[in-house]
Amino acid sequence: MSSRYSKDWQQIALTIKEQAGWRCAKCSRQCLRPDDDITGLTKSERTKITLTVHHHNRTPEDNRPENLIALCTTCHLACHIRQQSNITPGQLSFEFE
Ligand SMILES: [Zn+2]
Ligand SMILES: [Zn+2]
């Protein structure tokens, strides 16, 4: 976990996801809620429907609501791959909770 993140990031991210109704803002995929039963799902199935929070301006310190958007893992990766060709999924994981 990067130290660039504020201590209350988890709470901020949770609020954004709740406001989004646990749906991806891009593809409208319904993602897992914290209390969803994930037994029977493989790790990759789970990853695909995990909602994440993306920073529009890629500044992790900037946690203003207008800078944050709830995206499923697939859309989130696509976002970074398109705009930052040198980023790998491994590098991106720092942004996930
Ligand atoms: Zn999506
Ligand atoms: Zn992102």
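Numbering of ligands and ligand atoms starts at 1, following listing order. The model shown is predicted, which means the values in this text are computed figures rather than measured ones. Hydrogens, waters and symmetry mates play no part in the numbers below; they use all other heavy atoms, side chains included.
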Practice prompt. Measuring from the Zn ion (ligand 2), name the closest N, O or S atom belonging to His80.
Written response: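 Closest N, O or S atom of His80 to the Zn ion (ligand 2): NE2.
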Discussion item. For N/O/S atoms only: which one belongs to His54 and is nearest the Zn ion (ligand 2)?
Written reply: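 This residue's closest N, O or S atom turns out to be ND1.
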Worksheet item: Atom CG of Leu32 and atom CD of Glu45: how far apart are they, to the nearest 0.5 Å?
Response: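 Atom-to-atom, Leu32:CG and Glu45:CD are 10.5 Å apart.
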Discussion item. If you define the side chain from C-beta out and look only at heavy atoms, does anything of Asn63 sit under 4.5 Å from Trp9?
Written reply: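 They are in contact (side-chain heavy atoms under 4.5 Å apart), so the answer is yes.
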Item to complete: Could you check if a side-chain atom of His80 sits within less than 4.5 angstrom of a side-chain atom of Arg58, using non-hydrogen atoms only?
Response: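 Yes, at least one pair of side-chain atoms sits under 4.5 Å.
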Worksheet item: Counting backbone and side-chain atoms alike, does His55 have an N/O/S atom under 2.8 Å from the Zn ion (ligand 2)?
Response: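 Checking His55: none of its N, O or S atoms is under 2.8 Å.
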Worksheet item: Is the distance from the Zn ion (ligand 2) to the nearest N/O/S atom of Cys79 under 2.8 Å?
Response: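 So Cys79 does not count as coordinating the Zn ion (ligand 2).
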Worksheet entry | Angle in degrees, rounded to 10°, that SG of Cys24 and SG of Cys75 form at the Zn ion (ligand 1) |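 My answer is 110°, to the nearest 10°.
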Practice prompt. In plain terms, say whether Asp62 and Arg64 are close enough for a salt bridge, that is, a side-chain N and a carboxylate O under 4.0 Å apart.
Written response: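 Looking at Asp62 and Arg64, the cut-off is met.
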Worksheet item: Just wondering, is there an N, O or S atom on Cys27 that's nearer than 2.8 Å to the Zn ion (ligand 1)?
Response: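 Yes, since at least one N, O or S atom of Cys27 sits under 2.8 Å from the Zn ion (ligand 1).
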Worksheet item: Can you tell me if Asn67 uses its side chain to pair, donor with acceptor, with the backbone of His56 under 3.5 Å?
Response: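 Confirmed, Asn67 side chain pairs with His56 backbone.
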